[in-house]
Participant: 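A single structure is presented below for examination.
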Amino acid sequence: MFQSEQKEAEELIHHYLEENGIPIPEAFQWGNVPFKGEWGISTSFFETAALEARSGKQINVPERAQEIAQDVSARLEKHRSFSRVEAVKGYLNLYFATGEFSRKVIAQVLEQRRDFGKGDPKGERVMVEFSQPNTHKAFHVGHLRSAILGDSICRIMDFAGYEVVRANYFGDIGLHVIKWLWNYMKYHAGEEPPQDTTRWMGDIYAEANQRLEENPDLESEVRELYARWDARDPEIVDLWQNTRQWSLDGFEDMYDTLNIHFDHLYANSQAEKPGQEMVKELIEEGIAEDLRPEDAVIVRIDELLGLEKEQYRVLVVLRSDGTALYATEDLALAKMKFTDYDLNKSIYVVDVRQQLHFQQVWKTLEIAGYEWAKRCEHLSYELVNLPGNVVMASRDGTVVLLEDLIREATARALEVVEEKNPSLRKQEKQNVAKTVGLGAIKYPLLARDNTKIVTFDWEKALDFNGQAAPYIQYAHVRANSILRRAWGLLPKAVTPPHELEPAEINLIERISQLPDDVGRAAEERKTLHITNTAYELARAFNKFYKQCPVLDAPPRVRKFRISLVVAARQAIANTLNLLGIEAPPVM
RNA sequence: GCCCCCGUAGCUCAAUGGAUAGAGCACCGGACUUCUAAUCCGACGGUUGUGCGUUCGAAUCGCACCGGGGGCGCCA
């Protein structure tokens, strides 16, 4: 926002240092002055002083930095761009006129509206693959992180200026599917899925595992069925297609509820054949070793790279019986993505346990000469566990189903809205409950660093107090409530006619940071920065709301504050949107 | 044996190598005749796991160690 002023100051600093024979560092690091109610940009002279010290002079670096800062500040004192200049502890702080800064920030939001915070187009196309559910299985809270994190990353990267292709890759083949089919054919033949399709699919899978555990002799029946599948027995393929669709329809409902959508769906099954083809080529090129029938087809990556220490190890790319593995399919999937779309980057939102796997697959592709392999990126995140660090497993039923979580959260939110706002119409209460319930579920998954394990706890998941989505949504509601009474008057941004209250200054400060936060979140692939911004915005607004009357203020102050409320509401709405959380008008 | 991640207030977590390490929860004490109290204000709370190093400056970077979790040939 202050590029030109910064550049001017930097030139003057250069002049001063040159004139006085002081060494000039390669680049000055500019930042914001730690905010204490006044805006400014800041740089320091530690590096300059350190350069002097290294050139042989006997210097105490912090003292010398302060000395330079003081001299430079004297030089800049009268500069018209800055309202105040100071030297503190080796830092040079250049302040701006508060009123003018405020006007500028609000003007920008009022002009850009939904686009406030948006980055310039990057001219890069990025595919983000996320969610990856397995058909014929339950969809539980453990699966939620990839879906919610991936969705938000897509929103953030899109907003930051990337062209984003949203992809899903579902697991529709494998042993788990065969077990499901076996149980269905033997004990549920002809049944149709009820309303709650995904739960029912999950139940049949869990039941299959239970039956096999109780009676291991039945394993032979499953193996027999697997063989029929491998031979593409029409009866089995038919059943597979139908039942697979049931799962996909169930997922579609779930994604609708979560407001998550995809541009492209990839299936495990469609990568199987192309994967086997690619392995064939790898063998022909001497990259993969075919040790069948005794052993599998493998790639000794470390040996190919001449690495002494084990790093990529050995990747098995095909089973000894010639059937495809996850790795086989991933070779093909990576290629399909770059063929289907001309990608600058291909991001995989997958949990941390598959880190080595991806490194192996992509390194193998690199060795095979696919130049795009280097543009694959693993956005790895930690698991969602149950208390006591128990991993959710659909096989032994230690799961919290997504449907149950949504239902509980919505019911709890309905209770609160009945209590807080009983006069709302029934339908409105329902809408609020859904919005608040879903927000409360999403927020904690986005507010943790990707590398941190999330422990799912019913009590915490249903706690709407404190640093949580409802707090932010409530700030939005309050802003909306003021504006509803302001008779739709939307004044232009003006220089405030009064001395700004700390709460106002603080709120404006938070709003002004949003564009930078978006860029950073996109580059680091961290939704955490946006949840922080959203929360801080809401906090600043709530303080403002308490301390600064808007509608009852004197006319000119009122006019300014209404414009500030419009800007704040917009900023909050924009951050919530990046998180995939709805901003309700009332609650 | 090799590799990855985590360790910050009682608990859950923040903090582009930068100025006095911050929030929420919990506990204690306050504020609704007011634009929605799903809110706000105050108090309490720290040897950033330990040691050494790099740096003008380290919670942040490097090395070693301690504690916890995860991954390492035909699961996904």
Side-chain angles (χ1 to χ4, degrees), chain A residues 29 31 33-34 42 44-51 53-54 59-65 88-91 93 132 134 171 174-176 268 291-292 295-298 300 309-311 313-321 323 325-330 350-357 359-360 380 382-383 385 389 391 413 416-417 419-421 436 444 447-455 457 460 463-468 470-471 473-475 477-486 516 520 523-524 528 531-532 535-536 539 542-543 545-552 561 565 586-587:
Chain A
Q29 298 290 324
V33 182
S42 162
S44 66
F45 295 96
F46 297 109
E47 220 182 316
T48 311
L51 281 173
R54 263 173 242 142
I59 288 178
N60 173 311
V61 170
E63 278 175 21
R64 177 61 181 148
V88 182
K89 295 176 184 171
Y91 289 87
N93 296 334
Q132 307 105 342
N134 283 324
L175 186 60
H176 76 274
N268 221 265
L291 305 176
R292 289 175 292 176
D295 211 334
V297 179
I298 62 169
R300 300 182 198 271
K309 239 167 95 171
E310 51 181 356
Q311 185 180 350
R313 300 158 187 275
V314 174
L315 177 64
V316 178
V317 290
L318 203 64
R319 284 201 189 90
S320 47
D321 63 5
T323 56
L325 285 154
Y326 185 53
T328 321
E329 290 142 9
D330 253 339
V350 181
D351 79 66
V352 64
R353 293 174 301 186
Q354 293 181 39
Q355 185 166 255
L356 176 63
H357 164 78
Q359 280 173 5
Q360 291 177 320
S380 121
E382 264 291 356
L383 304 181
N385 284 345
N389 208 18
V391 179
V416 180
V417 78
E419 178 201 327
K420 304 281 182 185
N421 206 346
V436 170
R448 254 156 217 56
D449 210 338
N450 301 338
T451 56
K452 294 262 170 77
I453 295 170
V454 171
T455 303
D457 186 77
K460 280 179 195 153
D463 183 4
F464 299 160
N465 296 314
Q467 190 165 356
Y471 176 91
Q473 292 170 319
Y474 184 60
V477 164
R478 286 176 131 185
N480 202 50
S481 176
I482 291 176
L483 296 175
R484 206 173 37 233
R485 285 156 202 271
D516 283 350
R520 197 171 156 217
E523 289 329 298
E524 295 179 14
L528 164 70
T531 56
N532 283 349
Y535 174 70
E536 292 297 345
R539 205 155 76 99
N542 276 327
K543 284 180 189 180
Y545 184 91
K546 177 75 182 178
Q547 282 169 32
C548 306
V550 176
L551 300 177
D552 292 339
R561 285 187 176 159
V565 173
V586 292
M587 63 190 269

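Treat the numbers as computed from the prediction; the structure is a model and nothing was measured. Naming: A, B, ... by sequence-line order, numbering from 1 per chain.
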Participant: Not counting sequence neighbours, which residues clear side chain to side chain contact (heavy atoms under 4.5 Å, CB included) with A:Ile59? List them please.
Facilitator: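 With neighbours one apart ignored, the set is A:Glu52, A:Ala53, A:Lys57, A:Arg64.
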
Participant: Which is true for A:Arg64 with a 4.0 Å heavy-atom rule: it touches a base, it touches only sugar-phosphate, or it touches nothing?
Facilitator: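 No contact at all - A:Arg64 keeps every heavy atom at 4.0 Å or more from the nucleic acid.
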
Participant: Remember a base hit wins even if backbone is also touched, and classify A:Leu528 as base, sugar-phosphate or nothing at under 4.0 Å, heavy atoms.
Facilitator: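 Counting heavy atoms under 4.0 Å across all strands, the contact made by A:Leu528 is with sugar-phosphate only.
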
Participant: Check every atom of B:rA19, B:rG69, B:rA23 against the side chain of A:Val33 and return the nucleotide holding the closest atom.
Facilitator: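 For A:Val33, the side-chain atoms sit closest to B:rA19.
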
Participant: With a 4.0 Å cut-off on heavy atoms, is A:Val417 in touch with a base, just the backbone sugar-phosphate, or nothing at all?
Facilitator: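 Contact class for A:Val417: base.
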
Participant: With nearest nucleotides of RNA chain B determined for A:Asn385 and A:Asn450 from heavy-atom distances, which residue corresponds to the more 5′ nucleotide?
Facilitator: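 Counting from the 5' end, the first nearest nucleotide belongs to A:Asn450.
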
Participant: Hey, does A:Ile453 reach any base, or is it just sugar-phosphate, or nothing, if we go heavy atoms under 4.0 Å?
Facilitator: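 Sugar-phosphate, backbone atoms only, no base.
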
Participant: Report, as yes or no, whether the 6.0 Å neighbourhood of atom CD on A:Gln29 holds more than 12 heavy atoms from other residues, nucleotides or ligands.
Facilitator: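 Atom CD in A:Gln29 is not packed in, count stays at 12 or less.
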
Participant: Any side-chain N or O of A:Lys460 below 4.0 angstrom from OP1/OP2 of B:rU12?
Facilitator: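 Looking at the OP1 and OP2 atoms of B:rU12, neither is under 4.0 Å from any side-chain N or O of A:Lys460.
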
Participant: Go through RNA chain B and write down every stem, that is, every run of at least three consecutive Watson-Crick or G-U wobble pairs with distances under 3.5 Å, as range with range.
Facilitator: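 Paired runs of 3+ in RNA chain B: B:1-7 with B:66-72, B:10-13 with B:22-25, B:28-31 with B:39-42, B:49-53 with B:61-65.
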
Participant: Of the listed nucleotides (B:rG73, B:rC35, B:rC40), which one gets closest to any side-chain atom of A:Asn542?
Facilitator: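 The answer is B:rC40.
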
Participant: Examine the base of B:rC3 for any acceptor or donor lying under 3.5 Å from a partner atom in the side chain of A:Arg313, and report the outcome as yes or no.
Facilitator: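 It does not, because no donor-acceptor pair links the side chain of A:Arg313 to the base of B:rC3 below 3.5 Å.
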
Participant: Please tabulate, one pair per line, each protein N/O and nucleotide N/O from nucleotides 74-76 of chain B that are separated by under 3.5 Å, including the distance.
Facilitator:
unit_1 : atom_1 : unit_2   : atom_2 : d
B:rC74 : O2'    : A:Arg319 : NE     : 3.3
B:rC74 : O2     : A:Ser320 : N      : 2.9
B:rC74 : O2     : A:Ser320 : OG     : 3.3
B:rC74 : N3     : A:Ser320 : OG     : 3.4
B:rC74 : N4     : A:Asp295 : OD1    : 3.3
B:rC75 : OP2    : A:Arg319 : NE     : 3.0
B:rC75 : OP2    : A:Arg319 : NH2    : 3.3
B:rA76 : OP1    : A:Arg319 : NH2    : 3.3
B:rA76 : OP2    : A:Tyr326 : N      : 3.4

Participant: Can you tell which of B:rG24, B:rA38, B:rG18 lies closest to the side chain of A:Val436?
Facilitator: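 Of the options given, the side chain of A:Val436 lies nearest B:rA38.
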
Participant: Identify whether any heavy atom of A:Glu310 sits under 4.0 Å from a base atom; if not, whether one sits that close to sugar-phosphate; answer base, sugar-phosphate or nothing.
Facilitator: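 Touches a base.
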
Participant: With heavy atoms under 4.0 Å as the rule, sort A:Asn421 into base, sugar-phosphate or nothing.
Facilitator: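 It contacts base atoms.
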
Participant: Can you name the residues that form a salt bridge (Lys or Arg N to Asp or Glu O under 4.0 Å) with A:Arg478, not counting sequence neighbours?
Facilitator: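 Expected list: none.
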
Participant: Might you point out which heavy atoms bring A:Phe46 and A:Lys89 nearest each other, and give the distance in Å?
Facilitator: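 Nearest heavy atoms, A:Phe46 then A:Lys89: CZ-O, 3.2 Å.
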
Participant: Under 4.0 Å between a side-chain N/O of A:Lys89 and OP1 or OP2 of B:rC56, yes or no?
Facilitator: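 No, no such contact exists.
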
Participant: Taking only residues two or more places apart in sequence or in another chain, which ones pass ring-ring contact (aromatic ring centres under 6.0 Å, His included) with A:Tyr471?
Facilitator: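 Counting only residues at least two positions away or on another chain, A:Tyr471 forms a ring-ring contact (aromatic ring centres under 6.0 Å, His included) with A:Tyr535.
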
Participant: On RNA chain B, compare the nucleotides closest to A:Gln360 and A:Arg54; which residue's is nearer the 5' end?
Facilitator: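 It is A:Arg54 whose nearest nucleotide is closer to the 5' end.
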
Participant: With sequence neighbours excluded, tell me which residues meet side chain to side chain contact (heavy atoms under 4.5 Å, CB included) with A:Arg520.
Facilitator: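 Applying side chain to side chain contact (heavy atoms under 4.5 Å, CB included) to A:Arg520 gives A:Glu524, A:His529.
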
Participant: Can you check side chain to side chain contact (heavy atoms under 4.5 Å, CB included) on A:His357 and A:Asp330, steps first, answer last?
Facilitator: CA-CA 10 Å; A:His357 164 78; A:Asp330 253 339; 2.8 Å; yes

Participant: Looking only at side-chain atoms of A:Arg448, point me to the closest of B:rA23, B:rC6, B:rU12.
Facilitator: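 Among the listed nucleotides, the one closest to the side chain of A:Arg448 is B:rU12.
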
Participant: Applying side-chain hydrogen bond (donor to acceptor under 3.5 Å, both in side chains), can you list everything that pairs with A:Ser42, at least two apart in sequence or on another chain?
Facilitator: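 Here the qualifying residues are A:Asn93.
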
Participant: Tell me, please, which residues at least two apart from A:Asp321 pass side-chain hydrogen bond (donor to acceptor under 3.5 Å, both in side chains).
Facilitator: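 Once residues adjacent in sequence are excluded, the partners of A:Asp321 under the side-chain hydrogen bond (donor to acceptor under 3.5 Å, both in side chains) criterion are A:Thr323.
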
Participant: State which residues pass side-chain hydrogen bond (donor to acceptor under 3.5 Å, both in side chains) with A:Gln132; sequence neighbours excluded, sorted by chain then number.
Facilitator: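 Only A:Glu129, A:Ser146 meet the side-chain hydrogen bond (donor to acceptor under 3.5 Å, both in side chains) criterion with A:Gln132.
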
Participant: Roughly how far, to the nearest 0.5 Å, is the NZ atom of A:Lys460 from the OG1 atom of A:Thr455?
Facilitator: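 Reported to 0.5 Å precision, the distance equals 7.0 Å.
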
Participant: With a non-hydrogen cut-off below 4.0 angstrom, is A:Val314 in contact with a base, only sugar-phosphate, or nothing?
Facilitator: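 Since a base atom lies under 4.0 Å of A:Val314, the category is base.
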
Participant: Excluding sequence neighbours, so at least two apart, what forms salt bridge (Lys or Arg N to Asp or Glu O under 4.0 Å) with A:Asp449?
Facilitator: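 Applying salt bridge (Lys or Arg N to Asp or Glu O under 4.0 Å) to A:Asp449 gives A:Lys526.
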
Participant: Among residues at least two apart in sequence or on other chains, which ones pass side chain to side chain contact (heavy atoms under 4.5 Å, CB included) with A:Val314?
Facilitator: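 Side chain to side chain contact (heavy atoms under 4.5 Å, CB included) list for A:Val314, sorted by chain: A:Ile298, A:Arg300.
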
Participant: With sugar-phosphate meaning primed atoms plus P, OP1 and OP2, does A:Tyr535 contact a base, only sugar-phosphate, or nothing at under 4.0 Å between heavy atoms?
Facilitator: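 A:Tyr535: backbone/sugar contact only, no base atoms under 4.0 Å.
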
Participant: Between B:rG7 and A:Lys452, is there an OP1 or OP2 to side-chain N/O distance shorter than 4.0 Å?
Facilitator: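 So the side-chain polar atoms of A:Lys452 do come within 4.0 Å of the phosphate oxygens OP1 or OP2 of B:rG7, strictly under.
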
Participant: Could you please name the option among B:rA37, B:rC56, B:rA14 that lies closest to any side-chain atom of A:Pro62?
Facilitator: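 The closest nucleotide is B:rC56.
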
Participant: Among B:rU39, B:rU16, B:rC13, which is the nearest nucleotide to the side chain of A:Arg520?
Facilitator: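 Nearest to the side chain of A:Arg520 among the choices is B:rU16.
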
Participant: When you get a sec, tell me which of B:rC35, B:rA37, B:rG69 is the closest nucleotide to the side chain of A:Tyr474?
Facilitator: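 Shortest atom-to-atom distance from the side chain points to B:rA37.
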
Participant: Which listed nucleotide (B:rC2, B:rC35, B:rC41) is nearest to the side chain of A:Leu551?
Facilitator: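 Closest of the options to the side chain of A:Leu551: B:rC35.
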
Participant: Per the atom types in the model, does the base of B:rA19 pair as donor or acceptor with the side chain of A:Ser44 at under 3.5 Å?
Facilitator: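 No pair found.
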
Participant: Tell me what A:Asp330 touches on the nucleic acid: a base, only sugar-phosphate, or nothing, going by heavy atoms under 4.0 Å.
Facilitator: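 It contacts nothing in the nucleic acid.
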
Participant: Tell me what A:Arg292 touches on the nucleic acid: a base, only sugar-phosphate, or nothing, going by heavy atoms under 4.0 Å.
Facilitator: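 Result for A:Arg292 = nothing.
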
Participant: Would you say that A:Thr328 contacts A:Leu325 through its side chain, given a criterion of any heavy-atom pair below 4.5 Å between the two side chains?
Facilitator: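 Yes, at least one pair of side-chain atoms sits under 4.5 Å.
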
Participant: Classify A:Val586 by what it touches in the nucleic acid, base, sugar-phosphate, or nothing, heavy-atom distance under 4.0 Å.
Facilitator: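 Contact class for A:Val586: base.
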
Participant: At under 4.0 Å between heavy atoms, which parts of nucleotides 59-64 of chain B does protein reach? Answer with one letter per nucleotide, 5' to 3': B base, S sugar-phosphate only, - none.
Facilitator: ------

Participant: If you check every side-chain atom of A:Arg478, which of B:rC35, B:rC2, B:rU39 has the closest atom?
Facilitator: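 Between B:rC35, B:rC2, B:rU39, the one nearest the side chain of A:Arg478 would be B:rU39.
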
